[in-house]
Amino acid sequence: MPFTLATWNINSVRLRAGLVERLMREEAPDVLCLQECKSPVELLPLEGFAALGYEHVVARGQKGYNGVAILSKLPLEDLGDKDFAALGHSRHVAARLENGVTIHNFYVPAGGDKPDRAVNVKFGQKLDYLSEMRDWFHAERPEKAILVGDLNIAPREDDVWNHKQLLKIVSHTPIEVDHLGAAQEAGGWVDITRQDIPQGNLYSWWSYRSPDWDAADKGRRLDHVWATADISSSAHSSRVLRAVRGWEQPSDHAPVFATFDL
DNA sequence: ATGGTGGCCTTGCCA
């Protein structure tokens, strides 16, 4: 049974519930993972989602910041959440589909402006968060699992609009890329998006501060779809829906899709 | 080196 999964940093799900519903109507992924919902779970606008067939929800939230949700047409079992780096933030939740596939939905800390933990606590928290992800995956050895989310790191040179210019910019520094790679390696995670689209520049985020984001195209690939090796060969049809970044009152992120034949 | 935009916890904080 093939199923299609999408990940999207929505930057306030209550403000953009209409955009979520539009994506559900037009693209109809079986599972839609959201980050930065910025809402307590009890205030999520779930009625409209359920009316479109997304009746199954596993979410964590808090007022104003962070928040992750898995909205699904398929039944979900809540597998809980982990508070990596003990931040007390809603940045992870996991669920299992009836076919036995586990889905991890992550919103990794952005890390502040200065890439130096001695002067920027948030950068240290980001690195610690990634180290604890690494340790957890090393202990858990995930199988039949998919990891998606806004990982707030663009690891490859062609994941950013200008590699050299961004080497000291948080999201593309070598130490962040190393930490992300260690977490990926520890879980045996395969980068599904790059398995399907191995060549060429690919972005999922364009800053609001860029006056003409589309023409300037100063993007970064911050949003990822990973899978464990045992199911990675069943993945195909990865794509970034860049046009969604151009919708009315958009999120600064575009959704990333993949399909799995399982 | 700086500031640019956007959302919410608002007159600052976070991304």
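Residue numbers begin at 1 in each chain, while the letters A, B, ... track the order of the sequences. What you see below is based on every heavy atom in this structure, not just the backbone, and it leaves out hydrogens, waters and symmetry mates.
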Distance between [atom1] atoms of [N] and [M] (Å, rounded):
{"N": "dG4(B)", "M": "dC14(B)", "atom1": "C1'", "answer": "16 Å"}
{"N": "dA15(B)", "M": "dC9(B)", "atom1": "P", "answer": "14 Å"}
{"N": "dG7(B)", "M": "dT11(B)", "atom1": "C1'", "answer": "15 Å"}

Write down the atom of [X], the atom of [Y], and the distance for their closest heavy-atom approach.
{"X": "A258(A)", "Y": "V225(A)", "answer": "CB-CG1, 4.1 Å"}
{"X": "G187(A)", "Y": "P142(A)", "answer": "O-CG, 3.6 Å"}
{"X": "R242(A)", "Y": "W206(A)", "answer": "NH1-CZ2, 3.4 Å"}

Which residues satisfy the side-chain hydrogen bond (donor to acceptor under 3.5 Å, both in side chains) test with H89(A), sequence neighbours excluded? R91(A)
Given atom [atom1] of [X] and atom [atom2] of [N], what is their separation to the nearest angstrom?
{"X": "L151(A)", "N": "dA15(B)", "atom1": "CG", "atom2": "C1'", "value": "16 Å"}
{"X": "I169(A)", "N": "dG3(B)", "atom1": "CD1", "atom2": "P", "value": "15 Å"}
{"X": "L15(A)", "N": "dC9(B)", "atom1": "CG", "atom2": "P", "value": "12 Å"}
{"X": "E36(A)", "N": "dC13(B)", "atom1": "CD", "atom2": "P", "value": "18 Å"}
{"X": "N66(A)", "N": "dC13(B)", "atom1": "CG", "atom2": "P", "value": "17 Å"}
{"X": "D223(A)", "N": "dA15(B)", "atom1": "CG", "atom2": "P", "value": "15 Å"}
{"X": "L19(A)", "N": "dG6(B)", "atom1": "CG", "atom2": "P", "value": "14 Å"}
{"X": "W205(A)", "N": "dA15(B)", "atom1": "CH2", "atom2": "C1'", "value": "9 Å"}

For DNA chain B, which residues in residues 208-218 of chain A have a heavy atom at a distance below 4.0 Å? Y208(A), R209(A)
List the residues meeting side chain to side chain contact (heavy atoms under 4.5 Å, CB included) with P250(A), not counting sequence neighbours, and say none if there are none. R245(A)
Do the side-chain N or O atoms of [X] get closer than 4.0 angstrom to the phosphate oxygens (OP1, OP2) of [N]?
{"X": "S12(A)", "N": "dC8(B)", "value": "yes"}
{"X": "K122(A)", "N": "dC14(B)", "value": "yes"}
{"X": "Q249(A)", "N": "dG7(B)", "value": "yes"}

Taking the nucleotide of DNA chain B with the closest heavy atom to each, which residue, Q62(A) or N9(A), is nearer the 5' end? Q62(A)
Quick one: on DNA chain B, does P250(A) or N152(A) contact a more 5' nucleotide (nearest heavy atom)? P250(A)
With the side chain of Y65(A) defined as its heavy atoms from C-beta on, choose the nearest nucleotide among dC9(B), dC8(B), dA15(B). dC9(B)
Could you tell me how the ring of F106(A) sits relative to the ring of H92(A): parallel (under 30°), tilted (30 to 60°) or perpendicular (over 60°)? tilted
Would you mind classifying the nucleic acid contact of R14(A) as base, sugar-phosphate or nothing, using non-hydrogen atoms under 4.0 angstrom? nothing
Considering every strand and a 4.0 Å limit on heavy-atom distances, what is the contact class for R91(A): base, sugar-phosphate, or nothing? sugar-phosphate
Just verifying a value: how many Å separate N105(A) CG and L34(A) CG, rounded to the nearest 0.5 Å? 7.5 Å
Give, for atom CG of L202(A) and atom CZ of R156(A), the distance between the pair rounded to the nearest 0.5 Å. 8.5 Å
